[in-house]
S.K.: 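Shown below is the structure under consideration.
Counting starts at 1 for both ligands and their atoms, following the listed order.
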Amino acid sequence: MAIPPTPIRAIVLGGGISGLLAAWHLRRRGISAEVWEASAAPGGWAQTRSWPGPAGDPGRLERGPQSLRVSTGGALDHLLRELGLDLLPSGPRGPRWLGREGRRQASPATLPGLLRAPGLRLGEKLRMLAEPFVSSTPVPDESIQAFFARRLGEGFAREVLPALVAGVLAAPPERLGLDALSHLRQLEARGGLLLGGLRLGPERTLRPAGGTGALAEILARKLGSVSLERPARTLEPLADGRWRVLGEDCSAEAEVVVVALPSGPAADLLRAAAPEAATMLEAIPRLDLQVWHSRHAMVPGWERGFGLLIHPPEGRGLLGAVSMAADDPRGAPGLLQIRTYLGGAYPVAPGLDGWPGVFRELRRWLPELPEAVQVREEPCPGAFPLLEPGHGARAARLIESLPPGLHWLGADRFGPGIPDLAAGVEAWADAVGRTSASSGSI
Ligand SMILES: Cc1cc2nc3c(=O)[nH]c(=O)nc-3n(C[C@H](O)[C@H](O)[C@H](O)COP(=O)(O)OP(=O)(O)OC[C@H]3O[C@@H](n4cnc5c(N)ncnc54)[C@H](O)[C@@H]3O)c2cc1C
């Protein structure tokens, strides 16, 4: 009688979105996977937390994304459909501003706002309109700054880009490579920012009912094999080629271990088993953010929420602020709920390390903002990886240096955006599925 092959068994370390998606995709390819998560909840940064209103009424805050950018037909779109997550449109959005020259101005994220952007000369505005005619041949190891200077001109890259990038990645565009925003490459491959955007199809901004954290919650529930409060402490190779993972008072063995952790804890775990990979992981900088959540009396005109990005040299470390719409079920009824963030790769000025200083600085840009009725700090140490130009080649070397059976995933590999993580983890799982089908191991 033929002995059925032993199913491949994987342990995924880290129950953030990357780890949960890794286990989800492995399962769909017939590989059983359990997840070890160090903290008491799944989701990592992508968690929705309870924050009751001033009268004790229910309210929540988002630790990470407040909404998800979903491209029709992309990996995240497929996943959300498959999970059957209840999704709400982000709704009509309120004003978007750029803080520049000491006051707020119309956001340059729209064409009229872009053409009115301060600091741009007429020739620089006309240069932006020539973007569809710029060659779409990619330039290796380009920084985000060089990419935009090439496509939209030096004026845009100098005057507008720094605030847009600081608001999303908390770092200057000259220090970041395209791996930090990998959809820019896809756009260029399809003809550029404008033509590529048209060809890639519409993007929607969606929020799961119940908050962005619902994505991790539903993945964890459907997987059913996510162990919380189970930090991995040590990784040991076994004589038969498998791996042993040791926790605080538990251990498990598996054919495959997927390390879906931020670079620091990933390096600690891999130091003995894969020292070269650990050294390369340590070299990926992580940026700390100061994040403040605050609730205020509603300001007329801001009922649909707002977004403010600040030109970094003027922000003194304050990168921006974003508010939820007044009818957002996550907020406290009748109040304006704002998230303000500082730091990342930018030095925070003295006096901005506590709410009174942060509020004074916010009021410089939002003079109408009344005193907060509730404030909560959510520190975000190591929130974002700083993926420098040339990151792709370094990541490829890191992956090559891993011994058989060890895999590495996460924001340090694919970039911090959830859509990029979804696409990256799916492509990784496809490759793993092909290897396991042809060789029986991965
Ligand atoms: C303030 C903020 C705003 C953001 N806004 C957006 C946005 O608008 N749009 C967007 O797309 N993205 C946004 N992001 C980025 C996005 O949330 C993250 O990049 C993404 O969630 C990272 O997922 P991950 O699984 O790779 O890592 P993480 O979320 O860091 O998950 C790693 C997990 O590993 C666990 N862990 C650590 N050590 C161990 C161990 N030894 N053993 C077991 N488990 C361990 C941690 O507890 C954690 O749960 C934002 C992030 C922040 C912080």
S.K.: Can you pull out the closest protein heavy atom to atom 35 (C) of ligand 1? Residue, atom name and distance to 0.1 Å, please.
M.R.: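 Nearest protein contact, heavy atoms only, for atom 35 (C) of ligand 1 is Glu37 OE1, 3.2 Å.
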S.K.: Relative to the heavy atoms of Gly44, which atoms of ligand 1 are at a distance of less than 4.0 Å?
M.R.: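 Those of ligand 1 that fall under 4.0 Å from Gly44 are 29 (O), 31 (O), 48 (C), 49 (O).
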S.K.: Need the ligand 1 atom indices (1-based, order shown) with element for anything under 4.0 Å from a heavy-atom of Leu421.
M.R.: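 Within the 4.0 Å cut-off of Leu421, ligand 1 contributes 20 (C), 22 (C), 23 (O).
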S.K.: Using a strict 4.0 Å cut-off to heavy atoms of Pro416, name the atoms of ligand 1 that fall inside it.
M.R.: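 Under 4.0 Å from Pro416, ligand 1 has these atoms: 12 (N), 15 (C), 16 (C), 18 (C), 19 (O).
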S.K.: Is the shortest side-chain N to carboxylate O distance from Glu253 to Arg9 below 4.0 Å?
M.R.: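 Salt bridge flag = no for Arg9 with Glu253.
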S.K.: Got a protein heavy atom sitting under 4.0 Å from atom 8 (O) of ligand 1?
M.R.: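 Yes, because at least one protein heavy atom sits under 4.0 Å from atom 8 (O) of ligand 1.
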S.K.: Taking 4.0 angstrom as the limit and counting only heavy atoms of Gly14, give me the atoms of ligand 1 inside it, by number and element.
M.R.: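 Once the distances to Gly14 are compared, the set is 34 (O), 43 (C), 44 (N).
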S.K.: Measure Pro265 to ligand 1 on non-hydrogen atoms and call it side chain, backbone, both or neither using the 4.0 Å cut-off.
M.R.: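 Pro265 to ligand 1: side-chain contact only, backbone stays beyond 4.0 Å.
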S.K.: Do the side chains of Arg185 and Asp179 get close enough for a salt bridge, i.e. N-O under 4.0 angstrom?
M.R.: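 Salt bridge present between Arg185 and Asp179.
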S.K.: For ligand 1, which part of Trp45 has a heavy atom less than 4.0 Å away: the side chain, the backbone, both, or neither?
M.R.: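 Both backbone and side chain.
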S.K.: Counting non-hydrogen protein atoms only, what is the nearest one to atom 11 (O) of ligand 1? Give residue, atom name and distance.
M.R.: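 Of the protein heavy atoms, Ile418 N, 2.7 Å lies nearest.
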S.K.: Number the atoms of ligand 1 from 1 as they appear, then name those within less than 4.0 Å of a heavy atom of Pro419, with their elements.
M.R.: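 Listed by number with element, the hits are 11 (O).
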S.K.: Backbone, side chain, both or neither: what part of Ala38 comes under 4.0 angstrom of ligand 1, heavy atoms only?
M.R.: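 Within the 4.0 Å criterion, Ala38 contacts ligand 1 through backbone and side-chain atoms alike.
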S.K.: Would you call Arg286 and Asp412 a salt bridge, taking side-chain N to carboxylate O under 4.0 Å as the test?
M.R.: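 Looking at Asp412 together with Arg286, the answer is yes, because their closest N to O distance falls below 4.0 Å.
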S.K.: Below 4.0 angstrom from a heavy atom of Arg63, which ligand 1 atoms are there? Numbered from 1 as shown, please.
M.R.: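 Going through ligand 1 atom by atom, the ones under 4.0 Å from Arg63 are 1 (C), 2 (C).
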S.K.: Return the orientation label for the Trp355 and Trp292 ring planes: parallel under 30°, perpendicular over 60°, tilted otherwise.
M.R.: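 Tilted: the ring planes of Trp355 and Trp292 meet at 30° to 60°.
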S.K.: Quick one: nearest non-hydrogen protein atom to atom 45 (C) of ligand 1, plus distance?
M.R.: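 In this structure, atom 45 (C) of ligand 1 has Leu261 CD2, 3.3 Å as its nearest protein heavy atom.
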S.K.: Check ligand 1 against Arg339 and write out every atom of the ligand that is under 4.0 Å from a heavy-atom position of the residue.
M.R.: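 Counting from 1, the qualifying ligand atoms are 3 (C).
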S.K.: Tell me whether Arg190 is salt-bridged to Glu188, with the criterion being a basic N under 4.0 Å from an acidic carboxylate O.
M.R.: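 Salt bridge absent between Arg190 and Glu188.
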S.K.: Among all protein heavy atoms in this structure, tell me which lies nearest to atom 50 (C) of ligand 1, with the distance rounded to 0.1 Å.
M.R.: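 The closest one turns out to be Phe384 CZ, 3.7 Å.
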S.K.: Identify the protein heavy atom lying closest to atom 42 (N) of ligand 1, giving its residue, its atom name and the separation to 0.1 Å.
M.R.: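 Protein heavy atom at minimum distance: Ala232 N, 3.0 Å.
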S.K.: With heavy atoms of Gly64 as the reference, note each atom of ligand 1 found under 4.0 Å away.
M.R.: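 Heavy-atom distances to Gly64 below 4.0 Å select 2 (C), 3 (C), 4 (C), 5 (N), 52 (C).
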S.K.: Tell me whether Arg397 is salt-bridged to Glu276, with the criterion being a basic N under 4.0 Å from an acidic carboxylate O.
M.R.: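 Salt bridge: no.
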